[in-house]
Amino acid sequence: MIPSKGKHKLLHSTSFIFGMFILFIAAGSPLNIIGRLTLQAHMFQIVGLLFVAAPLLVVGWKPKAWISQKIGWVARTLAFLRKPTIAIIILSILFYSYHVPFMFDIARLELFWNHFFMFGLFLAALNFWSAFFYYWLDNRIRWYAMAMQISAFLPYCFYGLLASSGIYKTYNDPEVFLAALKVCIPVDLQMADEFYIGFLPFDPVYEQQMGILIFLFSIALVSVISLVWAQKQFKNGKES
């Protein structure tokens with residue numbers, strides 16, 4: 001998956017391998033099941049998928065080397081999707097579509113929708129970060145785009161932080177909690193319902209607030225690091 005054309009620095013290989021490791025942790029490790037127990041773990045998943053694995057993979061595989069850039073209609077489509085406003089809108093729509101309470105509860109009970117939104121969010125993040133590192137060559141555009149993307153997440157964060165009750169049945173309704181958890185557990189490993197109820201967070205509001213704070217501060221930290229690093233490494237649109 002790593003392009004062999006041209007020079008490929010150790011930075012790219014290391015970034016790609018570490019990105020694949022984070023992708024596995026976020027989507028294929030026990031964290032995927034723990035994310036059904038607490039919103040905190042789910043937010044670690046989202047941060048790892050969208051704001052750690054995606055940028056690391058993009059830096060590692062150098063999208064400009066893709067052969068798809070030589071196919072006219074594909075190149076035009078990608079150029080449209082990479083426009084700052086379009087990239088931000090796509091990522092934001094998928095994020096909100098997934099995390100709207102009623103849709104989130106449905107997705108937790110239907111693996112198809114859960115996988116659909118997680119995969120869609122990951123692709124949208126790859127699109128955003130590839131544009132961020134390789135196509136938005138003006139650092140002012142990078143700063144504005146990142147500020148807009150974080151601002152787009154703020155309504156969700158404020159809503160979750162200020163809510164006086166848990167916004168997701170998945171984390172506060174015992175029946176929905178059990179159903180969502182058992183979706184990911186093989187039948188031959190399932191225990192009595194009382195065993196799983198013991199995992200139900202005692203205070204869903206606290207878990208919700210902590211999860212959103214983790215999400216907010218994590219994306220802010222990653223954004224600042226990415227902006228500073230991109231300005232240094234991709235000055236004038238070229239790697240130093």
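All values reported here derive from a predicted model rather than from experimental measurement. These values consider heavy atoms only, across backbone and side chains, with no hydrogens, waters or symmetry-generated copies.
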For a quick test of reading the model, state the closest non-hydrogen atom pair linking [X] to [Y] and the distance between them.
X	Y	value
Ser15	Val59	OG-CB, 3.6 Å
Ala53	Gly19	CB-O, 3.6 Å
Val47	Ser218	CG1-CB, 3.7 Å
Thr38	Glu207	CB-OE1, 3.5 Å
Leu39	Gln208	CD2-CA, 3.7 Å
Phe117	Leu94	CD2-O, 4.1 Å

Practice item. Could you tell me whether the side chains of Arg82 and Asn127 share a donor-acceptor contact shorter than 3.5 Å? Key: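 No - no donor-acceptor pair under 3.5 Å links their side chains.
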
Side-chain heavy atoms under 4.5 angstrom apart, residues restricted to Ile, Leu, Val, Met, Phe, Trp, Tyr: same cluster for [X] and [Y]?
X	Y	result
Ile225	Trp136	no
Phe132	Ile89	no
Tyr96	Ile106	yes
Leu123	Ile90	yes
Phe21	Leu31	yes

Practice item. Evaluate the side chain to side chain contact (heavy atoms under 4.5 Å, CB included) criterion for residues Leu154 and Phe158: first the C-alpha distance (whole Å), next the side-chain angles of each, then the deciding distance (0.1 Å), finally the verdict. Key: CA-CA 6 Å; Leu154 290 181; Phe158 289 145; 4.0 Å; yes

Point to revise | Ring geometry between Tyr156 and Phe95 (parallel below 30°, tilted from 30 to 60°, perpendicular above 60°) | key: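 It falls in the perpendicular class, over 60°.
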
Review point. Tyr168 vs Phe104 aromatic rings, parallel, tilted or perpendicular, using cut-offs 30° and 60°?
Key: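 Tilted: the ring planes of Tyr168 and Phe104 meet at 30° to 60°.
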
**Study point:** Test log, rule side chain to side chain contact (heavy atoms under 4.5 Å, CB included), inputs His99 and Ile46
**Key:** CA-CA 11 Å; His99 290 93; Ile46 295 298; 4.1 Å; yes

Can you check whether [X] reaches [Y] side chain to side chain, under 4.5 Å on heavy atoms?
X	Y	value
Asp138	Tyr144	no
Ile150	Ser223	yes
Ile167	Tyr159	yes
Pro84	Ile141	yes
Trp113	Met118	no
Gln149	Ser92	yes

**Study point:** Check against ring-ring contact (aromatic ring centres under 6.0 Å, His included), Phe44 and Phe215
**Key:** CA-CA 7 Å; Phe44 275 120; Phe215 173 74; over 10 Å; no

Exercise for review: Just do the ring-ring contact (aromatic ring centres under 6.0 Å, His included) check on Tyr135 and Trp129 with the steps written out, would you?
Suggested key: CA-CA 9 Å; Tyr135 295 92; Trp129 287 108; over 10 Å; no

Check your understanding: Under the side chain to side chain donor-acceptor pair (under 3.5 Å) criterion, do Tyr98 and Asn114 qualify, and how do the steps go?
Key -> CA-CA 8 Å; Tyr98 184 29; Asn114 189 67; 2.5 Å; yes

Practice item. Please lay out, stage by stage, how Arg108 and His42 fare under the test side chain to side chain contact (heavy atoms under 4.5 Å, CB included). Key: CA-CA 11 Å; Arg108 284 322 214 185; His42 172 72; 3.2 Å; yes

Check your understanding: For Asp105, what residues pass the side-chain hydrogen bond (donor to acceptor under 3.5 Å, both in side chains) criterion, not counting sequence neighbours?
Key ->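 Partners of Asp105 by the side-chain hydrogen bond (donor to acceptor under 3.5 Å, both in side chains) criterion, ordered by chain and then number, come out as Thr170.
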
Check your understanding: Nearest 0.5 Å, what's the CD1-OG distance between Ile22 and Ser29?
Key ->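 Reported to 0.5 Å precision, the distance equals 9.5 Å.
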
Review point. Is it the case that more than 12 heavy atoms not belonging to Phe102 sit under 6.0 Å from its CZ atom?
Key: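 Not buried by this count: 12 neighbours or fewer within 6.0 Å.
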
**Study point:** side chain to side chain contact (heavy atoms under 4.5 Å, CB included) between Ile33 and Leu181, intermediate numbers included
**Key:** CA-CA 7 Å; Ile33 295 180; Leu181 186 59; 4.0 Å; yes

Review point. After noting the C-alpha distance and the side-chain angles of Phe133 and Trp229, does the key distance pass the ring-ring contact (aromatic ring centres under 6.0 Å, His included) rule?
Key: CA-CA 10 Å; Phe133 284 123; Trp229 187 79; 5.8 Å; yes

Exercise for review: Taking the six-membered ring for Trp and the full ring for Phe, Tyr or His, determine whether the centres of Tyr171 and Phe177 are under 6.0 Å apart.
Suggested key: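 No: the rings miss the under 6.0 Å criterion.
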
